[in-house]
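To keep things clear, I will list the structure first and then write my remarks on it.
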Amino acid sequence: MDELTIRQLHEKLKNKEFSAQEIVESFLKNIEQKDANLHAFITPTGELALAQAKKVDEKIARGEEISLLAGVPCAVKDSILVESVRCTVGSKILENYIAPYDATVVRKLRDEGAVFVGKTNLDEFNMGASTENSAFGVTKNPYDLTRVAGGSSGGSAASVAANEALVALGADTGGSIRLPAAFCGVVGLKPTYGTVSRHGLIAMASSLDQIGPIAKTAEDAEAVFEAICGRDAFDATSLAYQYESLYDFDVKNLRIGVAKEFFGEGLMPKIAELVKAAIKKLETAGATVREISLPHAKYALAAYYIINTSEVSANLARFDGIRYGKSASRGQNLLDVYLQSRGKYLGAEVKRRIMLGTYALSAGYYDAYYLKAQKVRTLLQQDFAAAFADVDVIMGPPSPFLPFKIGERTEDPLTMYLVDLYTVPVNLVGLPALSLPVGYTQELPVGLQIIGKPLQENLLFAVAKDLEKLA
Ligand code: GLN
């Protein structure tokens, strides 16, 4: 049951081959058996899932139509609010925070009848690439429990890979969907900025954050994306956007750009080989492949870590023990409460970023850092626009490395930041990008990153579905 796609599950549910209750039970059993080792979940919500499944079954019993996602077990990253369920963002400061409302994406999935099996582990406030920064312990890679699942949406990707959920929601600010998807051998989409509402997502860096789906197949990820996208009055940056699947896609018309900057020094040769082999398959099927260049991509990581930390320093001001978050109440005065609460309950990486961002935005340094980083953003946008004049998609690896050993990159923060080399450029310019599993080496999964023009998620899914068939 847990190996079915959404569409297969939907048909079987409609034909009464099994009930929504039975589906959920089978996934909950996987959680029970595997999650003590894997630790994909911070807060499992089995009871909620069973209650939701019951409603779906009642609907079927009444002979009513059910939507495609009805009864689909879904995991939700613990930075996205599910009403009345704890939402920790992987931080001690929100350890006891109960979400007062549903995020828009959650409400949309709830309306479709999806069932929520639990809230998944992540790096504290989404800051990291391995979930090792979570205050609630690390998520292990389902392919090798001594290795990381990637991050920050590591719990979401691992839960799908381990059949603890059929699909999951993640959020991607600098790679947090695509990287764990690649590390866990599943599909992940970072949508175009603005296509999915961020209402009810605990903000990290608001000009970069975007919620997206994680699933085992491109078709399943597409179904979730279709359900969650669209304009939302609660998020002024959301676009009036109607998703339409691309039914007349022909690989023979596809022009693929291969950015040489994504195959630079430090990329593991075997990953480059597998990514190139996947591109070759499309070429053999009729696609055109040409080399392109993104000359300013080399500055993306530096610009990202200035913009990210600057926005983090502003967004996290609200977690002060008064407005939000646990309070260290022994303070002598208000400032003391702030200092003590933040000092005690925020982790090292979070504090580091708040300090870096505050510094980058400070009066004497604003022009030298923040403003300059924003200029890099514009140059990068021009690079992509120029490249996309001749190609429809750009391909490369999502990660220069394989899933690394737990603890291998925790000593020096810069070695962790390097993991984001190939994922952050698209966040800076708001483009959609999908990570698709394309092979294995050393028994670990390897992904392909497919970057598209704004609002061309449908092309990314069409290409991914084609490639799945060619595999
Ligand atoms: N690893 C990146 C960072 O730490 C990406 C995080 C994210 O996308 N949330 O900033």
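Atoms within each ligand, like the ligands themselves, are counted from 1 in listed order.
- Taking the six-membered ring where the residue is Trp, Tyr440 and Tyr143 present tilted rings, their angle falling between 30° and 60°.
- Contacts of ligand 1 (protein heavy-atom distance under 4.0 Å) are Asn126, Met127, Gly128, Ala129, Ser152, Asp172, Thr173, Gly174, Gly175, Ser176, Met204, Tyr304, Tyr305, Asn308, Arg353, Asp420.
- Ring pair Phe461/Tyr243 is perpendicular by interplanar angle, where above 60° counts as perpendicular and below 30° as parallel.
- Partner of Asp102 under the side chain to side chain donor-acceptor pair (under 3.5 Å) criterion, chosen from Arg110, Arg107, His199, Lys108: Arg110.
- The aromatic rings of Tyr241 and Phe225 sit tilted relative to each other, their planes meeting at an angle between 30° and 60°.
- Residue pairs that meet the side-chain hydrogen bond (donor to acceptor under 3.5 Å, both in side chains) test with at least one member in residues 168-177, sequence neighbours left out, are Ser152-Ser176, Asp172-Arg178, Asp172-Asn427, Thr173-Asp209.
- Relative orientation of the Tyr365 and Tyr369 rings is tilted, given thresholds of 30° and 60° on the angle between their planes.
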